[in-house]
Amino acid sequence: MNELGLTPFLLLSAFLFACGVVCVTTKRNAIGVLMGVELILNAANVNLVAFARFNPAFRLEGQVFALLVVVLAAAEAAVALAIILNFYNNHSTVDVDEAKNLRG
């Protein structure tokens with residue numbers, strides 16, 4: 001059975017990261033920006049798990065860091081969705097360009 005090397009995982013991670021960056025930079029919708037950030041965090045997770053798989057010295061640390069990134073992503077999503085819902089209740093839109101009106 002052929003075993004995949006590290007390179008396909010790094011390419012997948014790079015693709016996910018590029019898609020996330022494009023999504024964050026081009027979307028005007030706050031939900032779209034949040035989805036881009038999640039793609040970037042998942043790209044980091046793919047890297048961490050791949051390096052944990054192929055580097056015996058990094059095995060436990062990579063999985064612990066990946067778990068930490070998942071917890072961070074969940075907390076970030078919860079806080080960001082609360083902010084977006086509050087912004088939508090006040091402005092009836094989730095367009096990030098309208099957020100410049102939040103300056104005090």
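Residue numbers start at 1 and run along the sequence shown. The figures here come from the full heavy-atom set of this structure, side chains too, leaving out hydrogens, waters and symmetry mates.
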Identify the heavy atoms of [X] and [Y] that sit nearest to each other, and give their distance.
| X | Y | value |
| --- | --- | --- |
| Arg28 | Asp95 | O-OD1, 3.1 Å |
| Ser13 | Ala43 | OG-O, 2.8 Å |
| Gly20 | Leu39 | CA-CB, 3.8 Å |

What's the spacing between [X] [atom1] and [Y] [atom2] if we round to 0.5 Å?
| X | Y | atom1 | atom2 | result |
| --- | --- | --- | --- | --- |
| Phe9 | Leu12 | CZ | CG | 8.0 Å |
| Leu48 | Phe58 | CG | CZ | 5.5 Å |
| Asn45 | Leu67 | CG | CG | 9.0 Å |
| Cys23 | Leu16 | SG | CG | 12.0 Å |
| Leu41 | Phe17 | CG | CZ | 10.0 Å |
| Met35 | Asn29 | CE | CG | 8.5 Å |

Handout entry: Phe54 atom CZ, neighbour heavy-atom count above 12 within 6.0 Å
Key =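 Check passes, neighbour count above 12.
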Using side-chain heavy atoms (C-beta onward) and a distance below 4.5 Å, is [X] in contact with [Y]?
| X | Y | value |
| --- | --- | --- |
| Leu11 | Phe15 | no |
| Val96 | Phe87 | no |
| Ile31 | Leu81 | yes |
| Glu76 | Leu34 | yes |

Problem - side chain to side chain donor-acceptor pair (under 3.5 Å) contacts in which one or both residues fall within residues 59-75, not counting sequence neighbours - result: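 Not a single pair qualifies under side chain to side chain donor-acceptor pair (under 3.5 Å).
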Same cluster or not: are [X] and [Y] linked, directly or through other Ile, Leu, Val, Met, Phe, Trp or Tyr residues, by side-chain heavy atoms under 4.5 angstrom apart?
| X | Y | answer |
| --- | --- | --- |
| Leu4 | Leu10 | yes |
| Val21 | Val33 | yes |
| Phe51 | Ile40 | yes |

